[in-house]
Peer 1: 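Please find one structure pasted underneath; my questions will follow.
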2 protein chains.
Amino acid sequence: MELGKTSYVILGMLRKGPKSGYEIKAKADVSTRFFWAISYGQIYPELKRLEQAGLIEGQADAGSGRQRRVFSITPLGVQALRDWLTSPGELHSELRHEGVLRFFFAEALDHEERVELLHAIRAKHERLREELSAIRPAAESDEPLALLTLETGIAYQEFFVDLCDRLERRLAEIQTESTVRGS
Amino acid sequence: MELGKTSYVILGMLRKGPKSGYEIKAKADVSTRFFWAISYGQIYPELKRLEQAGLIEGQADAGSGRQRRVFSITPLGVQALRDWLTSPGELHSELRHEGVLRFFFAEALDHEERVELLHAIRAKHERLREELSAIRPAAESDEPLALLTLETGIAYQEFFVDLCDRLERRLAEIQTESTVRGS
DNA sequence: GCTCACATGTAATCCGTTACATGATTCT
DNA sequence: AGAATCATGTAACGGATTACATGTGAGC
């Protein structure tokens with residue numbers, strides 16, 4: 001069976017312990033979401049596929065009062081996860097960033113509007129940074145790599161915040177130049 | 001008509017001057033690709049749509065020997081571009097980064113394998129940084145914002161290169177701790 | 001003459017989101 | 001009693017990639 005990256009998100013989450021589809025989503029929303037998002041529309045069908053392939057096993061949850069299926073990873077699943085983690089070849093990575101895209105085309109704007117754009121981008125990343133910082137205390141008891149990844153996420157948001165500040169200064173220089181020369 | 005971000009990439013490119021679909025792709029491949037990629041499969045159908053909507057105009061190219069259609073942006077198209085550039089609301093941004101994803105799940109690996117993973121991620125971003133640096137000289141004569149955006153791209157790749165170095169050091173600390181304690 | 005870059009397009013497919021539908025349990 | 005959260009799923013849709021098909025012009 002062909003496994004997509006999403007399958008590995010699920011396998012990886014289950015390797016940390018048995019979980020329901022709902023729990024997988026909840027955990028992903030405070031961790032992998034920031035560099036690999038997944039949705040219910042993928043999770044439930046994929047759980048079915050992975051079970052059929054023998055990589056995970058589901059069982060009706062007796063313990064909790066709720067009616068839910070909890071999935072555990074099988075040795076076969078652990079092997080599939082490990083194989084992916086160590087497989088050579090292209091590490092897929094892509095970014096879709098409307099803010100930078102707009103900035104690239106901002107020659108069509110005037111100075112004021114460009115600055116506003118940078119402020120909007122900055123605000124967005126600051127919000128994300130705070131969101132991640134809020135998660136941090138809960139992650140401190142976690143596995144060390146999960147915490148390192150979270151810190152990476154925070155640093156990533158900070159990169160963009162600092163970037164906006166830098167770009168605003170550069171923009172001011174450009175503006176002064178053209179004003180002095182009189183355009 | 002509904003315009004997606006891809007439409008604005010095309011409008012933005014045409015605002016810098018008339019171009020064929022092929023040229024739009026070529027320009028995008030050395031600029032917007034790094035934060036908003038587009039493919040031929042989107043470009044040609046979209047050119048048709050934009051022309052029907054009156055946002056661009058195509059004309060058979062007489063000048064060059066080749067048979068191609070060159071598109072120009074119309075005043076309506078410029079307005080649509082400006083409207084998008086200044087529109088408030090969510091700035092879409094998403095990242096899909098297999099390297100960080102793997103690192104998050106690297107608890108399933110041993111120390112050696114984790115370091116190898118970081119090296120692979122680092123190598124990838126270093127390659128991208130060099131790719132962008134190679135483009136730079138050609139962009140120096142360009143519009144200042146295009147150059148600033150390119151520099152942003154270079155800084156972005158550098159962020160990941162530095163990140164890998166930092167993570168490798170952190171990994172070494174973790175490894176030493178657990179070795180000393182004897183696990 | 002051959003190869004490479006220029007040039008345009010479409011169809012199949014994949015991946016993922018969104019919206020919807022449904023219902024149980026826990027908390028206030 | 002009512003709201004919020006837990007919980008599972010599917011169908012429609014949208015966006016984008018890939019592979020394929022086809023042909024021309026320029027330079028070696």
Side-chain angles (χ1 to χ4, degrees), chain A residues 1-10 13-14 18-30 32-52 56 58-71 90 92-98 101, chain B residues 1-10 13-14 18-30 32-52 56 58-71 90 92-98 101:
Chain A
M1 191 187 59
E2 293 286 309
L3 297 183
K5 314 295 177 214
T6 305
S7 323
Y8 295 115
V9 176
I10 295 176
M13 288 294 178
L14 292 183
K19 277 168 199 64
S20 67
Y22 187 84
E23 278 178 300
I24 290 171
K25 177 70 160 75
K27 291 274 176 188
D29 275 351
V30 291
T32 55
R33 169 161 72 98
F34 303 96
F35 44 91
W36 203 288
I38 55 172
S39 66
Y40 287 126
Q42 301 169 267
I43 292 172
Y44 288 110
E46 190 59 26
L47 283 171
K48 216 176 267 181
R49 270 165 41 84
L50 290 172
E51 192 177 26
Q52 272 159 21
I56 64 174
Q59 59 228 80
D61 189 8
S64 85
R66 293 180 183 273
Q67 41 178 91
R68 56 183 211 148
R69 296 199 73 200
V70 174
F71 294 87
E90 258 321 273
H92 175 103
S93 89
E94 74 177 280
L95 173 66
R96 292 202 174 255
H97 196 293
E98 189 178 351
L101 183 63
Chain B
M1 190 187 61
E2 293 287 308
L3 296 184
K5 313 297 175 212
T6 305
S7 323
Y8 295 114
V9 176
I10 294 175
M13 288 294 179
L14 292 183
K19 279 170 199 62
S20 67
Y22 188 84
E23 278 177 300
I24 290 171
K25 177 70 160 74
K27 291 274 177 190
D29 274 351
V30 291
T32 55
R33 169 161 72 100
F34 302 96
F35 44 90
W36 203 290
I38 55 172
S39 65
Y40 286 124
Q42 299 170 267
I43 293 172
Y44 287 111
E46 191 58 27
L47 283 172
K48 216 175 268 180
R49 270 168 38 85
L50 291 172
E51 192 177 25
Q52 271 159 23
I56 62 174
Q59 58 229 80
D61 189 8
S64 85
R66 292 180 185 273
Q67 42 177 92
R68 56 183 211 150
R69 295 200 74 201
V70 174
F71 294 87
E90 256 322 272
H92 175 104
S93 87
E94 74 176 279
L95 173 64
R96 293 201 175 255
H97 197 294
E98 188 178 352
L101 183 63

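As the structure is a prediction and not an experimental result, all values here were calculated from the model. Lettering of chains follows the sequences in order, A, B, ..., and the numbering in each one begins at 1. What you see below is based on every heavy atom in this structure, not just the backbone, and it leaves out hydrogens, waters and symmetry mates.
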Peer 1: Of all the heavy-atom pairs spanning B/Met13 and B/Lys19, show the shortest one and how long it is.
Peer 2: O-NZ, 3.0 Å

Peer 1: What integer distance in Å separates A/Lys5:NZ from C/dG16:C1'?
Peer 2: 15 Å

Peer 1: In this structure, how many angstroms lie between the P atom of D/dT17 and the CZ atom of B/Arg33, rounded?
Peer 2: 12 Å

Peer 1: Is the phosphate of D/dC6 approached by A/Ser20 (side-chain N or O, under 4.0 Å from OP1 or OP2)?
Peer 2: no

Peer 1: In dot-bracket notation, what is the pairing pattern of DNA chain C, taking Watson-Crick (N1-N3 plus N6-O4 or O6-N4) and G-U wobble (N1-O2 and O6-N3) contacts under 3.5 Å, with [ ] crossing and | for other strands?
Peer 2: ||||||||||||||||||||||||||||

Peer 1: Can a side chain N or O of A/Lys48 be found less than 4.0 Å away from OP1 or OP2 on D/dT10?
Peer 2: yes

Peer 1: Ignoring backbone atoms, test whether B/Arg96 places a side-chain nitrogen or oxygen under 4.0 Å from the OP1 or OP2 oxygen of C/dG16.
Peer 2: yes

Peer 1: Of the nucleotides D/dT8, C/dT17, D/dT10, which one has an atom closest to the side chain of A/Gln42?
Peer 2: C/dT17

Peer 1: Whole angstroms only, please: what is the NZ-P distance between A/Lys19 and D/dC6?
Peer 2: 16 Å

Peer 1: In whole angstroms, how far is the C1' atom of D/dA16 from the OH atom of B/Tyr44?
Peer 2: 17 Å

Peer 1: Between A/Lys48 and A/Glu51, does a salt bridge (Lys or Arg N to Asp or Glu O under 4.0 Å) hold up when you go through it step by step?
Peer 2: CA-CA 5 Å; A/Lys48 216 176 267 181; A/Glu51 192 177 26; over 6 Å; no

Peer 1: Ignoring hydrogens and angles, write down the donor-acceptor pairs under 3.5 Å from the side chains of residues 34-43 of chain A, residues two or more places apart or on other chains.
Peer 2:
unit_1, atom_1, unit_2, atom_2, d
A/Gln42, OE1, A/Ser39, N, 3.0
A/Gln42, NE2, A/Thr6, OG1, 3.1

Peer 1: Closest approach of A/Arg68 and A/Ser20, non-hydrogen atoms and distance?
Peer 2: NH1-OG, 3.6 Å

Peer 1: Name the closest nucleotide to the A/Tyr40 side chain, picking from D/dT8, C/dT8, D/dT17.
Peer 2: D/dT8

Peer 1: Of the options D/dA26, C/dT17, D/dA7, whose atoms approach the side-chain atoms of A/Arg68 most closely?
Peer 2: D/dA7

Peer 1: Rounded to whole angstrom units, what separation is found between the CD atom of B/Gln59 and the P atom of C/dA7?
Peer 2: 15 Å

Peer 1: Taking 4.0 Å as the cut-off, does a side-chain nitrogen or oxygen of B/Tyr22 come that near to OP1 or OP2 on C/dT8?
Peer 2: no

Peer 1: Take atom CD1 of A/Ile24 and atom C1' of D/dA7, then tell me their distance rounded to the nearest Å.
Peer 2: 13 Å

Peer 1: Between A/Lys27 (NZ) and D/dA7 (P), how many Å, whole number?
Peer 2: 12 Å

Peer 1: Kindly point out which of C/dC6, C/dG16, C/dA24 is positioned nearest to the side chain of A/Gln67?
Peer 2: C/dA24

Peer 1: If I compare all heavy atoms of A/Ser7 with all of A/Glu46, which pair ends up nearest, and what's the gap?
Peer 2: OG-OE2, 2.9 Å

Peer 1: With respect to the side chain of A/Arg66, which nucleotide from C/dC6, C/dT25, C/dT8 is positioned closest?
Peer 2: C/dT25

Peer 1: Hey, which sits more toward the 5' end of DNA chain C by its nearest nucleotide, B/Leu47 or A/Ile38?
Peer 2: B/Leu47

Peer 1: Considering just the side-chain nitrogens and oxygens of A/Ser39, establish if one lies under 4.0 Å of OP1 or OP2 belonging to C/dG16.
Peer 2: no

Peer 1: Take atom CD of A/Glu46 and atom C1' of C/dC14, then tell me their distance rounded to the nearest Å.
Peer 2: 13 Å

Peer 1: Choosing from D/dT10, C/dG16, D/dA16, which nucleotide comes nearest the side chain of B/Trp36?
Peer 2: D/dA16

Peer 1: Establish, with yes or no, whether the OP1 or OP2 oxygen of D/dG15 is under 4.0 angstrom from a side-chain nitrogen or oxygen of B/Thr6.
Peer 2: no

Peer 1: About how many Å separate NE2 of A/His97 and NE2 of B/His92, when rounded to the nearest 0.5 Å?
Peer 2: 10.0 Å

Peer 1: Compare all side-chain heavy atoms of B/Ile24 with those of B/Val9 and state whether any distance is below 4.5 angstrom.
Peer 2: no

Peer 1: Side-chain contact, heavy-atom cut-off 4.5 Å: A/Gln52 with A/Met1?
Peer 2: no

Peer 1: Reckon B/Gly21 touches a base, only the sugar-phosphate, or nothing at all at heavy-atom distances under 4.0 Å?
Peer 2: sugar-phosphate

